[in-house]
*Asks:* 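Sharing a structure with you now.
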Amino acid sequence: MKPMKIGIQQDMWQEVKEKGLPIARRRLRACLGSIGHHADYRTLIQLGAFRSRVSHRPIKF
């Protein structure tokens, strides 16, 4: 598991709209929230850590 990009929800929602996928915005937000609030995920979050885009390419802040 890798930290998600800041703003990944907007990127993913754009992709859902472009591909016409049958996913509600509320469901997408809930899924990302469940990942973001998981204890294992929270241990990955560090200032300056690499984060992943939807395409899984790393981003460094």
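If you read the sequence from its start, that first residue is 1, and numbering goes on from there.
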*Asks:* Would you give the length of the straight line joining atom CZ of Arg42 to atom NE2 of His37, rounded to the nearest 0.5 angstrom?
*Replies:* 5.0 Å
*Asks:* For residues 18-25, tabulate all N or O donor-acceptor pairs below 3.5 Å that involve a side-chain atom, not counting sequence neighbours.
*Replies:*
{"unit_1": "Glu18", "atom_1": "OE2", "unit_2": "Gln14", "atom_2": "NE2", "d": "3.3"}
{"unit_1": "Lys19", "atom_1": "NZ", "unit_2": "Glu15", "atom_2": "OE2", "d": "3.0"}

*Asks:* Can you give me the closest heavy-atom contact between Leu44 and Pro3, atom names plus distance?
*Replies:*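 Nearest pair, atom of Leu44 first, then Pro3: O-CG, 3.7 Å.
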*Asks:* Is there a donor-acceptor pair closer than 3.5 Å between any side-chain N or O of Tyr41 and the backbone N or O of Ser34?
*Replies:* no
*Asks:* Return the CE to CG distance between Met12 and Leu32, rounded to the nearest 0.5 Å.
*Replies:*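 Separation between the atoms: 5.5 Å.
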*Asks:* Taking atom SG of Cys31 and atom CD of Gln9, what is their separation to the nearest 0.5 Å?
*Replies:* 10.5 Å
*Asks:* Quick one: pull up CD1 in Ile8 and CG in Leu28 and give me the separation to the nearest 0.5 Å.
*Replies:* 9.0 Å
